[in-house]
Amino acid sequence: WRGPSVWAISPEERDKHDQKFETLSPSMGYVSGEQARKFFLQSGLPASVLAEIWALADMNKDGKMDRLEFSIAMKLIKLKLQGTSLPSALPIIMKQPPVRMGTLPNMSMMPGTNLSMLTPISMATPGLSTLTPMTGMSPLMVTTPTYLACFCRRCLSFSSASSSPSVMSPLVSGPSDWSVPHASRLKYRQQFNSLDKQMIGYLTGAMATTMLTQTQLASIWNLADVDKDGKLKAEEFILAMHLVDVAKSGHPLPLTLPTELVPPSQRYDKFKANLERGNAELEKRRQTLLEAEKREQERRAQKEREERERREKEAREAEERRRKEEERRLERQRELERQREEERQREIERKEAAQRELERQRKEEWERRRRGELQIKKEQEQDDIIKLKAKKRSLEMELEAVVSGEETLATQHRKSAALTSFKALYPFTARNNEELSFNADDMIEVDETTEREEGWLFGSKQGKIGWFPESYVERVAPSDMANITAAAAAKVPLQSQLSSALEAAKAAGTKSAFTPTHSANPAPSETQGQKVVGNLSAQALCSWTAKTDNHLNFDKDDVIQVLEQQENWWLGELNGERGWFPKTYVTLMGEEEISQRLLIFQSIKRISQPSALITKFEFVALYTYESPEPGDLTFGEGDTILVSKREGEWWNGSIGDRTGLFPSNYVKPKEADTSSMSGKKKPEIAQVLRAHSSTGPEQLNLENNQLILVLSKNPSGWWLGELQARGKKRQKGWFPASNVKILGSSSGKSTPAPPPGNTLCQVIAIYDYTAANGDEMSFSKGQLINVLDKNDPDWWKGELNGATGLFPTNYVKMTTADCDPSQQWCADLNNLDSMGPQEKKRQGYIHELIQTEERYVEDLQIVLEVFHKPMSESGRVKDAEMAMIFVNWKELMACNTKLLKALRVRKKTGGENMPVQMIGDILAAELSHMQPYIRFCSCQINGAALLQTRIDNEPDFKNFLKKIATDYRCKGMPLSSFLLKPMQRITRYPLHIKNILECTAEGHADRGPLKEALERAEELCQQVNEGVREKENSDRLEWIQNHVQCDGAAENLVFNSLTNCLGPRKLLHSGKMNKVKSNKELWAFLFNDFLLLTHASKQFTSSGPDKLFSNKNNVQLKMYKPPVLLNEVLVKLPDPSSDEPVFHISHIDRVYILKTDNINERTAWVQKIKAASEEFIETEKKKREKAYQARSVKASGIGRLLVTILEATELKACKSNPYCEVTMGAQIFTSRTLNDTLNPKWNFNCQFHIKDLYQDVLCITIFERDQFSPDDFLGRTEVPVATIKKEFENKGPVTRRLLLHEVPTGEVWVRLDLQLFGNK
């Protein structure tokens, strides 16, 4: 059985509800709606159900709850959780206080009583709210609680227990004011008081039994409840008991309560009660209407919501249909544009074919004119030859006139050169290196003029010299010696020798070296030797010092012209001087080498100890060394290196045109070549065919027809040699082998440098290749190969060191005839030949910059993979030490990766292996974002010192670093060498840019940006140097980075870096100050761009800045307020004459009133903040003026380009403050900054003047505004003006979507309108 008692709240439940009510901390006896909502949501009921419960429980609709309303809500929540449906209106029983059943006596129900007939119908039952239990009863009776019967039965029991006569008296008896007898009133008043134990002033019912019918009891309740509130007050209780007595006495009950029975207290309020009942009924009906209206509104809202969703769905479907239609239209338009483009391309190809045909005809005409010019030149040279032959005949006639005088001269020389000959009588064995061994009957030549000890002679035998005892030999008579030599001697005219020398001079194209030389003291030998037939020359095997005036001085490797030969002594000429010398000191040379070597060695004085110089400067590579750093010298195993400087572990040397540093443990000294001493190998002499200008001190300057002694050959095409120039000191250095030819055939080998006559071109091997078949050829990386056949596009035939064979084309790359590394960027030789020399060098330097940048980025990656990762994972190095050693290595890599991507995009825009027209703008833009190098270079010294200390003190750590450095990518270099590369690289940028700038012509579009890039590079180097010099400032910035916790906009602030526009960040001042109002202690740091206020997490003391920045100070500071930018700050003193050290700082809408320790400190703060603020503002002003001047210059050109930057979409994740910078050369425009968006819509217009249609490039760069560092890069795109003309000419304004490069995502929409003047 369920009825109204379901909604009743028991006392136990009320107690629990009150306890919950107290836990919510009620205010003034109420809990707020927010407090109740949070608490009710814990029940897990939906918010809509809780809203209905709130509407029922909040009886006065004041938005808050008292104890009763809270208890009602809790009861409704409990019933809802048990599955009971909520009532449409709040049951009255829930508004009544709970009845504690233990206060009433238990009474048994009398037989025949049916209490269910008295139970009113629940208000929750639909359609029965106005039902009444019996005719004539008020509707309020429906809401009478079930306790009515119980109460009445209890009242009847009280009444039956009494024998008061008032029970039987008529209703009219009693006092005049109230018909209830006074005695009954007193008795029932006592009963009421006994029942009202809670002293609440009314009763709601009790348990009782009665003999009356249910109809009588309901009538009694209806009559007694005068105010119809469902409760009986004291007077109403007395009245009810009186009516019970009347009913028990057998008198009928009145249908309506007579006036005399109405309690006096309510007799005069009946009208008011009726009015209140009417108002209550009206309020009830009003609430019913409101609820119906609310339900109707909800129904309408639901309907409108469904209608709106339907319309939105239809709109989306219509939009989708429009989009698909637009895509189909765009596809048709693209198809039409594709067809037009194909037609345009075919037209362009026809034009290009016609142009090529015209170019071919012009080239044929040029070749025809060239052949004519060569023919004329050939005729002129033939005339010169005829003149030279005539001159030769005249010189030969002059030679005949001096023959007799020369013969006399030779006789005098022979007399002066006659040494004393001794014959050995006994054998003698040398006891040390200074003595001479010989056998019996050996002939020994002795120079008796030599100072000697008594009994000892100094002589020579078969090229060996030394001391020997005088008693072991006997003198040979001069007449005997003359007979011996005369028998074998033959006279030869001197004319042939002189004629040969003259022919050699003419063949070499230089002035004749023939100059008659006469000895000052002729002393010819008394006997005649054998005169030389033809042109005979000898090369000195070792040095010889003249012992007398008629001897000839020479050095090792000197070439001597032999004039006369005796048995042991020869007469020769060197450098215009003649004299005798031992034949054992020289070796004869081949006839074809003589004519060239003679002219060279006549005019050169050999430098002393040449073999020592070779040992000192020439080294041979033990291993292959490769390094991507442009300052290093790479070489292969076995290469000869000319060392110019040896310091520590790294030496400076050169191979060919390449110079640089290399590790000393990769080479060994070159052993002296003694093969020539034994006569087994003769040196090679090369003659210069084409002049060559050296690019460094390690190279030789070559002039036509000069002779070079070849010392070493390198496969790259550069040889090491010694220049033999008249009247000059002999020089040793590198020269291109293709500029010379080898003289003579005695070596048995021809030079591989000059390509064969049928060579098509030359290529350089970029990888090692081993032949797999017999018809293939093997080669190593870097070797120069002569291409003989190119019929097969994949396999070419070539020649290398005399061997021919096939090789794969993808293993080599093209090069020019001179093998200039600066020109290897271009694989199209025809395109290369069409450029001028200056442009070739420019493109070569650009190519070198890009290549070295690629290798440098690879090195940065190697450090992370080979060193950083193992060191971090091994646990041998703490995180703090890792940060000190590698600093911000990943930031360096990010900077250079971005620069490399920009360079690659620019090169890709112009085409691979094609000239790069503009590069200065990229360098200028990217070098301004290289601020991480300032921090790295400033901290690198400490990192290197830490690394070296651990290596010196910890052998295990040293072995660990050696082990990980064995990675093949390191090429034997230790970590310390890699850590130097960032400093080396940053100093290379000005050199690269200077080289490119020197080869950039005046008026070139790239010259201005290159100058700006050079300024940026030099400025960056200066900033790095200042950062290194200002190490104290850098250390303090690093201290602040580690001890100050930033948040908000400055969360990722890097203190030791570049500011937005003031260069490197500097710490100008720091110290402690207090807020005036709260006396809060603050630590302030003044930088050149902002003021930072911090406070300590824990209180600490500091006696000065030095102690604050001490490494032992572990205090942690937190940012008190956002950084105060100095271009937005105003500092002033409240009263300059005041003795209080107080000053004000105004920043936008905030004012800081601060107090220092003393007046001097306040003055320092105020002055430094003012000075820094003024400098900041002035710098920004100059920057704005510069941009305005660049835009306001009225430039004339061939046209203009109107650009509208519409919007950017899908930018990479950032702080979302993007702006756009649009440039063309020196013309710069900047859009406004849009905050908090990754899809900015600028609609920004700008106009550019076009100077060169094929050089100008429109560059669009998107940045993110950053207050505390240079603006972050969000992407770049470029469009050459020539491309715009080609694609959009005569189309008017065209909107185009451009992808942003160098970033993972992003695109920009632009509208372009190209307008050329005069239809150009």
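Since the structure is predicted, the reported quantities are computational estimates derived from the model, not experimental observations.
In the displayed structure, Tyr769 atom OH is contacted under 6.0 Å by more than 12 heavy atoms of other residues, nucleotides or ligands. In Gln355, the CD atom is not crowded: 12 or fewer heavy atoms of neighbouring residues, nucleotides or ligands sit closer than 6.0 Å. Residue Lys898 qualifies as enclosed at atom NZ: its count of foreign heavy atoms under 6.0 Å is above 12.
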Full working for side chain to side chain donor-acceptor pair (under 3.5 Å) between Gln345 and Glu349
CA-CA 6 Å; Gln345 289 294 336; Glu349 290 174 358; over 6 Å; no
Could you go step by step and tell me if Gln851 and His847 meet the side chain to side chain donor-acceptor pair (under 3.5 Å) rule?
CA-CA 6 Å; Gln851 275 196 332; His847 176 72; 3.1 Å; yes
For Leu1020 and Arg1016, what are the C-alpha separation, side-chain angles and deciding distance, and is it a side chain to side chain contact (heavy atoms under 4.5 Å, CB included)?
CA-CA 6 Å; Leu1020 179 61; Arg1016 297 278 177 88; over 6 Å; no
Evaluate the salt bridge (Lys or Arg N to Asp or Glu O under 4.0 Å) criterion for residues Glu858 and Arg855: first the C-alpha distance (whole Å), next the side-chain angles of each, then the deciding distance (0.1 Å), finally the verdict.
CA-CA 5 Å; Glu858 290 176 1; Arg855 291 196 293 264; over 6 Å; no
Please determine whether side chain to side chain contact (heavy atoms under 4.5 Å, CB included) holds for the pair Val812 and Ile785, giving the CA-CA distance in whole Å, both sets of side-chain angles, and the decisive distance to 0.1 Å.
CA-CA 9 Å; Val812 298; Ile785 304 172; 4.2 Å; yes
Trace of the side chain to side chain contact (heavy atoms under 4.5 Å, CB included) decision for Ile655 with Thr634
CA-CA 9 Å; Ile655 299 177; Thr634 59; over 6 Å; no
Candidate pair Lys981 and Asp632, rule side chain to side chain contact (heavy atoms under 4.5 Å, CB included), full reasoning:
CA-CA 11 Å; Lys981 287 184 180 291; Asp632 290 355; 4.2 Å; yes
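Glu853 and Tyr989 share a donor-acceptor pair across their side chains, judged by distance under 3.5 Å alone.
The minimum heavy-atom distance between Met973 and Ala965, with the atom names listed, is O-CB, 4.1 Å. Gln843 and Pro915 get closest at one heavy-atom pair: OE1-CA, 3.3 Å. For the pair Arg1007 and Thr1000, the tightest heavy-atom approach, listed with the atom from each and the gap, is NH1-O, 2.6 Å. The shortest heavy-atom contact between Thr809 and Trp795 is CG2-N, 4.1 Å. For the pair Ala1013 and Ile993, the tightest heavy-atom approach, listed with the atom from each and the gap, is O-CD1, 3.8 Å. Between Tyr1254 and Ala1282 the shortest heavy-atom distance is CD2-CB, 3.8 Å.
A centroid separation of 6.0 Å or more is found between the aromatic rings of His692 and Trp719. In summary, the aromatic rings of Tyr666 and Tyr625 are positioned with their centroids under 6.0 Å apart.
With contacts defined as side-chain heavy-atom distances shorter than 4.5 Å, the pair Phe735/Val740 qualifies. Put simply, the side chain of Glu1018 reaches to within 4.5 Å of the side chain of Lys994, judged on heavy atoms. Taking the side chain as every heavy atom from C-beta outward, Gln783 and Ser780 approach each other to under 4.5 Å. No side-chain heavy atom of Asn786 sits less than 4.5 Å from a side-chain heavy atom of Leu800. Lys781 has its side chain out of reach of Ile766: every pair of non-hydrogen atoms, C-beta onward, lies at least 4.5 Å apart. Side-chain contact between Lys732 and Leu642: present, with at least one pair of heavy atoms (C-beta onward) separated by less than 4.5 Å. Between Ser778 and Phe807 there is no side-chain heavy-atom pair separated by less than 4.5 Å. By the 4.5 Å heavy-atom criterion applied to side chains, Val620 and Asp639 are not counted as neighbours.
With Asn652 contributing its side chain and Lys645 its backbone, the two residues share no donor-acceptor pair below 3.5 Å. Of the possible polar contacts, none joining the Glu998 side chain to the Asn995 backbone as a donor-acceptor pair under 3.5 Å is found. Formation of a donor-acceptor pair under 3.5 Å by the Trp734 side chain with backbone atoms of Ser654 is found in this model. A donor-acceptor pair under 3.5 Å is absent between the side-chain atoms of Ser712 and the main chain of Thr640, judged by distance alone. Of the possible polar contacts, none joining the Asp967 side chain to the Val866 backbone as a donor-acceptor pair under 3.5 Å is found. Proximity of a side-chain donor or acceptor of Arg1276 to a complementary backbone N or O of Ile922 within less than 3.5 Å is not detected. The backbone N or O of Gly920 lies less than 3.5 Å from a partner atom in the side chain of Asp1006, making a donor-acceptor pair. Using a distance-only test at 3.5 Å, with no hydrogens or angles considered, a donor-acceptor pair links the side chain of Arg842 to the main chain of Gln917. Between the side chain of Thr624 and the main chain of Glu637, a donor-acceptor pair closer than 3.5 Å is present.
Ring-plane geometry between Phe978 and Phe867 is classed as tilted, the angle between the planes lying from 30 to 60 degrees on a 0 to 90 degree scale.
Under 4.0 Å is where a charged nitrogen must lie from a carboxylate oxygen, and between Glu359 and Arg356 no such pair does. Under the 4.0 Å criterion applied to side-chain N and carboxylate O atoms, Arg904 and Glu854 are assigned as salt-bridge partners.
Atom-to-atom distance recorded for Leu1014:CG and His992:NE2 is 13.0 Å, nearest 0.5 angstrom. For the atom pair CD1 (Ile964) and NE2 (His868), the distance works out to 11.5 Å, reported to the nearest 0.5 Å. Rounding to the nearest 0.5 Å places CD1 of Ile846 at 10.5 Å from CE of Met918. We find the CG-CZ distance between Leu980 and Arg985 to be 15.0 Å, quoted to the nearest 0.5 Å. Annotation: the span from Lys841 atom NZ to Ile996 atom CD1 amounts to 12.5 Å, rounded to 0.5 Å. Distance check: Arg360 CZ to Glu367 CD gives 10.5 Å after rounding to the nearest 0.5 Å.
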